[in-house]
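In this text the structure is predicted, and so the values were computed from the model without any measurement. Each chain gets a letter, A, B and so on, in the order its sequence line appears, and its residues count up from 1.
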Amino acid sequence: MRGGREVFCGLDFAVSAGTALAVTGRNGAGKTSLLRLIAGLLPAADGKVVLHGGEGELTLAEQAHYLGHRDALKPALTVMENLLFFRDFPGGTMSDPETALNAVGLNAIAHLPAAYLSAGQRRRLSIARLLVLRRPLWLLDEPTAALDAAGQTAFAGLMAHHLAEGGLIVAATHGPLGIPATTLHIGPAIEAVP
Amino acid sequence: MAVIDLANPTRFLKLVERVLPWLALATAVTLAIGLQQSLAAPDDYQQGATVKIMFIHVPNAWLAMFVWGVMSLSALGTLVWRHPLADVSAQAAAPLGAAFTFLALVTGSLWGRPMWGTYWEWDARMTSVLVLFVMYLGLIALWRAVEDPARAARAAAILTLVGAINLPIIKFSVDWWNTLHQPASVLRAGGPALDNAFLIPLLTMGVAFSLLFVTLHLAAMRNEILRRRIRSLRMMQAAQGAA
Amino acid sequence: MFGPYATFIVGSYAVVAGVIGALIVWVAWDHRRQTATLRELEASGVTRRSARGKTAAP
Amino acid sequence: MSALAALLRRDIRVALRVGGGALIGMLFFLTVVVLMPFALGPDLALLRRLGPAILWLGAMLASLLTLDRLFLADSEDGSLDLLVMSRTPLELTCATKAVAHWLTAGVPLIVITPALGLLLNLDLLATAAVALTLIAGTPALTFTGMIGAALAVTLHRGGLLLAVIVVPLSIPVLIFGVAASTAAITGPLSFGTPFSILCALSLASFVIGPFAAAACLRQRMD
């Protein structure tokens, strides 16, 4: 439901450990809404999203990373300060921030304010957020937007690694992800005018 | 020629490097003489020893207005001639002006307490200086609100000029407001005919404080140029660091 | 020394000295910090103008 | 616990660095107080009588002015999603953000109160009384204002709407804050009673504010 309008219905899908799901569909089909719904940021009108075999007491949202269009960076803070907040606040198994920055190639400018970063660099920093804190489910909304070719390849490697460790990925995308993925095509909403 | 030379920040830095020690020395010497003269000055027959406060109060009050003048000129430089040093000058001057205005207010208040029995009176002159202080703080807040100094400079320049036009109007209206509410002001600082015994130390202190401002202003401008240089270096570093 | 108003006179001179002193210290400290940072940056290989190559950011 | 410390640290840093607005509230407070004599006239006796009320009004408006960014900024850059998806309960998150806001926006107001008291011809005792009531009362302003800030995010509209929502909620704080300061200055009522009520209001807002704000944020639809 968005703005009181039914965005999609009758959707039923499963993603198992170590696999990725690419959600495709034209603009406005509801890809972002689907991701936000899984992340618990939107209420579902009907039905539910279940994660089997996670940590029992936690909700799905608390075991997922959501990488949205907006990168959640504070321009006044340095790259490292932003990343440390992403590591310390959400909760999960923490890992070394230096390694995460290395993986996205930002380690040389960790001390600079995020305000100095270009769009692609901001994206890389957001991706570092997925690495610095381990959560099994990655919800990615157009993850490769603003990344150059090298960045896309590197990110595909990171995603493959995540899958190899038994993680799950649900990504809304227009282009190829660079990793093997099942495709879920969201069609135009069924015109169900009551 | 000289002006064109100064337009180059690197040359300006070199000049500051050369001039600054001498300026600091001159400030220290004048200040020492001024302080000595102030101490030696006789007590006023009406105000007693408190007249000594005048020697630091008046120069500060004078600088409070003078610095806004400097900033207005710099603002013109920013808007009209786009002089590369103009916004640096304006930015460096704002905190100094605020500090001098603050000192004028505090010393005036400490002078007022023994003379009028109150720290603060909504007298026309004091009120306009207070408004000036608020405007300085607003200007500093504006500088701080925008991360990119070049963008902040234009906004601050416009505000400075509007302030320069508005200040006389504010002063005028405050005068009017005050005479409407409170006729026959009893507050009169010093007297129109100042005796030489007071005038000479006052002038010396005035020169000393002006020199102090010039010294601090140049030093602060130098810091600001360095800060901007660091900023642009870091931006480049950010652009390169992603490779 | 200054009669009954000594506190006010000494107080106002002290405030002025304090604020001016703070300004001087701040300017000097700022200068030291900026030059140090600049030197550090130049030592780490970031130079002005020269390296302004188009290492286009993604 | 370290998660909350990280949030506190981040919010304080963002407020204090360039572009943060920690000192704007203070400046606004000063402006409001400077404005009052122009409207009321420079009569020192009158200003002294109205002093506590002016200071309280100024502090309230200043804290309102800075509140609208509390959640809106996080909502705009997407970090609110992160806060919601955290394993820290949203109520604690809200409370921590409010504490950070109070430290960076509320405390400066209290710090300059003595200087402003001087401008309004308040004596030392009166200034101390107002400052004390502000210490007790401004947390209540922040914690009730937080509810409005959360609503403003829900409705994608800050500013004036926030003021209209929050001001009625803050009326009790204003009443007892001014009552306690006037009681301390002129009597005849005792200072203790209104001051205790003010503290009670603050304590109650510590409980209600975070829960209401968290509930608002959970309702948020995008």
Any chance CZ of C/R32 has more than 12 other-residue heavy atoms, nucleotides or ligands included, within less than 6.0 Å?
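No - once you tally the heavy atoms of other residues, nucleotides and ligands closer than 6.0 Å, there are 12 at most.
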
Quick test of your reading: applying side chain to side chain donor-acceptor pair (under 3.5 Å), list the pairs with at least one residue in residues 8-17 of chain C, sequence neighbours left out, ordered by first then second residue.
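Applying side chain to side chain donor-acceptor pair (under 3.5 Å) to every pair that reaches into residues 8-17 of chain C, excluding sequence neighbours, yields nothing.
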
If you check every heavy atom in [range] against those of chain C, which residues fall under 4.5 Å?
range                       : value
residues 213-223 of chain B : B/L216, B/A219, B/A220, B/R222, B/N223
residues 23-38 of chain B   : B/L35, B/S38
residues 91-104 of chain B  : B/L96, B/A99, B/F100, B/F102, B/L103

Who wins among B/T107, B/I230, B/L110 for the most heavy-atom pairs under 4.5 Å with chain C?
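Highest number of pairs under 4.5 Å: B/I230.
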
Looking at B/V106, B/L226, B/I53, B/N60, which has the largest count of heavy-atom pairs under 4.5 Å with chain C?
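Highest number of heavy-atom pairs under 4.5 Å: B/I53.
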
[X] versus [Y]: any side-chain heavy-atom pair under 4.5 Å?
X      : Y      : value
C/L38  : B/L233 : yes
B/R234 : C/T37  : yes
B/R227 : C/R33  : yes

CD1 of C/I20 to CZ of B/F209: how many Å apart, nearest 0.5 Å?
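Here the interatomic distance stands at 5.0 Å.
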
